[in-house]
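Written out below as structure tokens is the structure these notes cover.
Residue numbering restarts at 1 for every chain, and letters A, B, ... go by the order of the sequence lines.
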Amino acid sequence: MSIQLSEQEIQRRQSLEKLRDLGIEPYPAALYPVDALSKDIKQNFEDQKKVCIAGRIMSFRIMGKASFAEIQDSEGRIQIYINRDEICPTEDKTLYNDVFKKLLDIGDFIGVKGYLFKTQVGEISVHVEEFTLLSKSLKPLPLPKTDSEGKVHDAFVDPELRYRQRYVDLVVNPQVKEVFIKRTKLFSAMRNFFNDAGYMEVETPILQSIAGGAAAKPFMTHHNALDIPLYMRIANELYLKRLICGGFDGVYEFSKNFRNEGMDRTHNPEFTAMEIYVAYKDYNWMMEFTEKLLEHCALAVNGTTEATFGEHKIDFKAPYKRVTMRQAILDFTGFDIKGKSEDELRKAALDMGIDVNDTMGVGKLIDEIFGEKCEGNYIQPTFIIDYPKEMSPLCKAHREDPSLTERFELMVCGKEIANAYSELNDPIDQRERFEEQVRLSEKGDDEAGGLIDQDFLRALEYGMPPTSGLGIGMDRLVMFLTNNPAIQEVLFFPQMRPEKKAVALSDEEKLVLGILKSKAPMELATLKDQSALSGKKWDAAIKGLTKAGVAKVVKEGESLRVELLG
RNA sequence: GAUUCGUUAGCUCAGUCGGUAGAGCACAACACUUUUAAUGUUGGGGUCCUGGGUUCGAGCCCCAGACGGAUCACCA
């Protein structure tokens, strides 16, 4: 219960008490009648105009009987000017000398009523007539400063701190806030585009008894009342198609998906995809729809179709180049995959120095070759089309070549950001493709799904109109539109390992832990003997350690064993 | 998972050969009525990530671990 407070935190708590002693409530309940924002004030300056603003104090410049401070609101900062004898017209100067100068801190929220003016140096400022403490801040904020040459000093840059304390990151790093504003703009732009086209936004289950629609490892959970395992969504495809069977012409969903796989700078365990399905369309229509969509979104987010990503300049202006997968592989390896057997493909891949094995079927082999030799070369938005049938179990066979499917992926900067099909709606073909996936799964390809969604097949048997579907990785698209190489930068709260709680151990606990560290795991009785503690103290120590999650007692038949935990 | 770098004051970072822990900002006190990274003077503030080891002595050397970053591998 003893929280270690820094000197500055103690001072702020003391200021809080002093304010209360002066009859000032540091966390008042009443609304504050804000009528202006910093940005508007600066853009539409009117001398002497009365304003009421609110925000965090971000800097102080105290000069005797007058002071300047900066208030940061949702749109930026504005300077305020406060004069002692105007705030305190009587003999009592407490409000200025004590409350303003001493008891307020950087980070506090205050409200200010006053009028606009320009200082001698021309800075638009609010001349304070009245100020109100709205909320006291008890922890000092990091304080990046920008000097006269525009250089930022002491920037709050440690990624670990920034991701764990995003609220602080957002307060002190305006460019971070901008990324998330753009993220929201992207979602609105896309939603508007779909709504204008007449399609309907829907919601489908996140807890599913079969996690289908993609090849990925799901998170597993359990429903107590039903006493059944449930999986968290890895894709929403199968549910959206059921809705097309049900008679909607176009449905879309922004879906949080969950995949229990590795984490790195481009993968977070939960991420956001957008999937849309439109009846009576095919993948050719969807390509045109997609390029128009992305052009629209880029414009809405950045005001231009051009975007910078690292060293690349990309342009989302439609139309985009279309390259068949066969042609792509031919272009970059000189190898023609058309009509090749599994063995021929495996040999070709091995000759190219690609690590492949016997569990890989034709589709996987081609995917490996493409991924290794071609994918990275497509910088400008490019549609890769006509994927082999084996790697697209939910996609309709190509109308001209049954060994291919009517599928495209959109590549940008060497990464996939969209995936689309002429959806497979032949229920018998679909069942066979699922069964083939199960066979692959049994063979050892752990990407292929192991369970067949019978209900989805039943829906297809009732009939699904010809449909084209599209999926977009929203996080990746935000990364491209905001020039961020890490997914953690475009998620408010990226997944992190839990912060290690500092465990304050008693002397007895330390003693037991010391013995345990040299010899764990060990017999509980032996450990107790070596600790030479009284029965009562021993009991408290081992219970304390297990409760703190440092050690664990495991029962094995008759014997009790103590293990050390991370 | 592998390699590698990092972890020191609220924040950003120095820290020499192993010898009492440093700077800037922030904080406290005083001065100062239109400042601009405001200024001047003075002062306070540390679990040097954790645990072992070597040593008369460890922020620094050695071992083990935690967390994070980067690169690679795996993976949509």
Side-chain angles (χ1 to χ4, degrees), chain A residues 4-12 14-15 58-70 79-86 96 101-102 105-107 117-123 125 127 137-165 168 172 214-217 234-235 257 259-269 271 273 355 367 371 375 391 409 415-419 446-447 471 473 475-476 485-488 494 496-505 510 513-514 516-518 550 564-566:
Chain A
Q4 203 64 38
L5 292 179
S6 71
E7 188 191 29
Q8 293 189 45
E9 288 172 301
I10 292 165
Q11 273 161 6
R12 284 177 180 229
Q14 287 168 349
S15 298
M58 294 306 284
S59 72
F60 277 113
R61 287 182 284 279
I62 292 172
M63 288 162 301
K65 299 189 190 72
S67 300
F68 289 93
E70 279 175 299
Q79 179 169 267
I80 61 170
Y81 170 79
I82 182 163
N83 182 301
R84 187 189 70 183
D85 297 324
E86 293 174 31
Y96 180 77
K101 274 169 66 177
K102 294 189 180 167
D105 290 294
I106 288 175
F117 77 110
K118 275 189 187 172
T119 63
Q120 287 178 354
V121 257
E123 172 120 3
S125 308
H127 194 121
S137 162
L138 294 181
K139 284 178 97 65
L141 286 167
L143 276 181
K145 287 209 169 185
T146 308
D147 67 18
S148 45
E149 290 158 18
K151 269 195 250 171
V152 177
H153 300 259
D154 301 334
F156 182 59
V157 287
D158 182 338
E160 179 170 5
L161 286 172
R162 288 181 46 237
Y163 300 157
R164 286 193 195 279
Q165 304 186 39
V168 174
V172 304
K217 291 180 197 123
I234 57 173
N257 294 339
R259 298 186 179 179
N260 204 344
E261 293 170 348
M263 288 168 60
D264 58 33
R265 68 187 199 292
T266 57
H267 296 86
N268 195 63
F271 64 98
D355 186 25
D367 192 30
E375 195 173 58
M391 55 196 285
E409 286 194 359
K415 302 274 183 205
E416 175 216 331
I417 62 166
N419 186 11
D446 58 9
E447 264 193 50
D475 306 299
R476 247 174 223 183
I487 195 171
Q488 287 78 11
M496 302 285 280
R497 228 175 256 275
E499 284 181 82
K500 197 176 57 179
K501 40 194 183 292
V503 249
L505 297 177
K510 281 180 191 160
L513 190 60
L516 205 50
K517 268 191 176 155
S518 57
V550 176
L564 204 56
L565 298 177

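Checking C72(B) for Watson-Crick or G-U wobble geometry (two distances, each under 3.5 Å) identifies G1(B) as its partner. Base pairing of C25(B) is made with G10(B), judged by Watson-Crick or G-U wobble geometry with both donor-acceptor distances under 3.5 Å. Pair assignment for C60(B) gives none, since no Watson-Crick or G-U wobble pairing has each distance under 3.5 Å. Taking a pair to require two hydrogen-bonding distances under 3.5 Å in either a Watson-Crick or a G-U wobble arrangement, C30(B) pairs with G40(B). Across all strands shown, U16(B) forms no Watson-Crick or G-U wobble pair with both distances under 3.5 Å.
Spacing between atom CZ of Phe60(A) and atom P of U34(B) amounts to 18 Å, rounded to whole angstrom units. Arg12(A) places its CZ atom 12 Å from the P atom of A26(B), with the value rounded to the nearest Å. The nearest whole Å value for the distance from the CZ atom in Arg164(A) to the C1' atom in C67(B) is 7 Å. Rounded to whole angstrom, the span from the CD1 atom of Ile80(A) across to the P atom of U35(B) amounts to 17 Å. The CD atom of Gln11(A) sits 17 Å away from the P atom of G43(B) (whole-angstrom rounding). For the pair Glu375(A) CD and C75(B) C1', the computed distance is 12 Å after rounding to whole Å. Separating the CD atom of Glu7(A) from the P atom of G46(B) is a distance of 7 Å, rounded to the nearest angstrom. Taking atom CD1 of Ile62(A) as the reference point, atom P of U34(B) lies 14 Å away to the nearest angstrom.
Here the separation of C13(B) from U7(B), taken at their C1' atoms, is 12 Å to the nearest Å. Comparing the same atom, P, in U41(B) and in A23(B) gives a spacing of 15 Å after rounding to whole Å. Of the C1' atoms belonging to C72(B) and G57(B), the separation is 42 Å, rounded to the nearest Å. Rounded to a whole angstrom, the distance from the C1' atom of A31(B) to that of A38(B) is 14 Å. Comparing the C1' positions of A37(B) and C62(B) gives an interatomic distance of 44 Å, to the nearest angstrom. Taking the C1' atoms as reference points, U8(B) lies 10 Å from A14(B), given to the whole Å. One C1' atom belongs to A58(B), the other to A21(B), and the distance between them is 13 Å to the nearest Å. To the nearest whole angstrom, the two C1' atoms, one in U35(B) and one in U42(B), are 23 Å apart.
For Gln8(A) and A26(B), a side-chain-to-base donor-acceptor distance below 3.5 Å is present, hydrogens and geometry of angles not being considered. Judged by atom type and distance alone, Ser67(A) does not reach the base of U33(B) through any side-chain donor-acceptor pair under 3.5 Å. Taking only distance into account, the side chain of Gln120(A) never meets the base of U35(B) through a donor-acceptor pair shorter than 3.5 Å.
Arg259(A) comes within 4.0 angstrom of the backbone, heavy atoms only, and of no base. Heavy atoms of Glu409(A) sit under 4.0 angstrom from at least one base atom. Using a 4.0 Å heavy-atom distance criterion, Phe271(A) is classed as making no nucleic acid contact. Nucleic acid contact class of Lys102(A) (heavy atoms, under 4.0 Å, all strands): sugar-phosphate only. Nucleic acid contact class of Arg84(A) (heavy atoms, under 4.0 Å, all strands): none. Within the nucleic acid shown, Glu9(A) has no heavy atom closer than 4.0 Å to any nucleic acid atom.
Judged purely by atom type and a 3.5 angstrom limit, Gln8(A) has no side-chain atom pairing as donor or acceptor with the backbone of Leu138(A). Within the 3.5 Å criterion, the main-chain N or O of Ala66(A) finds a donor-acceptor partner in the side chain of Tyr96(A).
Residue Met63(A) has its side chain nearest to U35(B) when only A28(B), C25(B), U35(B) are considered. If you check G68(B), U35(B), C25(B) against the side chain of Arg61(A), the one that comes closest is U35(B). Among the nucleotides A73(B), U35(B), U33(B), the one closest to any side-chain atom of Thr119(A) is U35(B). The listed nucleotides are U35(B), U71(B), G10(B); the one nearest the side chain of Gln79(A) is U35(B). Taking only side-chain atoms of Ser6(A), from C-beta outward, the nucleotide of A28(B), G10(B), U35(B) with the closest atom is G10(B).
To the nearest 0.5 angstrom, Ile10(A) atom CD1 is 5.5 Å from Leu5(A) atom CG. Taking CD of Glu9(A) as the reference point, atom CD of Gln14(A) lies at 12.5 Å (rounded to 0.5 Å). A distance of 8.0 Å separates NE2 in His153(A) from OG1 in Thr146(A), rounded to the nearest 0.5 Å. One distance of note links CZ of Arg84(A) with CD1 of Ile62(A); it measures 13.5 Å at 0.5 Å rounding.
Within the structure, a side-chain polar atom (N or O) of Lys145(A) is placed less than 4.0 Å from OP1 or OP2 of A38(B). Contact annotation: Arg497(A) reaches the phosphate of G68(B) (side-chain N/O to OP1 or OP2, under 4.0 Å).
If Tyr163(A) and Glu70(A) are placed on RNA chain B by their nearest nucleotide, the residue sitting closer to the 5' end is Glu70(A). Ranked by how close their nearest RNA chain B nucleotide is to the 5' end, Asn83(A) and Ala486(A) are led by Asn83(A).
The shortest distance between side-chain heavy atoms of Asn268(A) and Asp475(A) does not fall below 4.5 Å. Side-chain contact check for Ser137(A) versus Arg12(A): some heavy-atom pair is nearer than 4.5 Å. Proximity of Arg259(A) to His267(A): side-chain heavy atoms (C-beta onward) are nowhere separated by under 4.5 Å.
When the shell of 6.0 Å around NZ of Lys101(A) is examined, it contains more than 12 heavy atoms from other residues, nucleotides or ligands.
Residues that satisfy the side-chain contact (heavy atoms from CB on, under 4.5 Å) test with Ser125(A), not counting sequence neighbours, are Gln79(A), Phe117(A), Thr119(A), Glu123(A).
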Could you run down the sub-3.5 Å N/O contacts of the protein with nucleotides 11-13 of chain B?
none

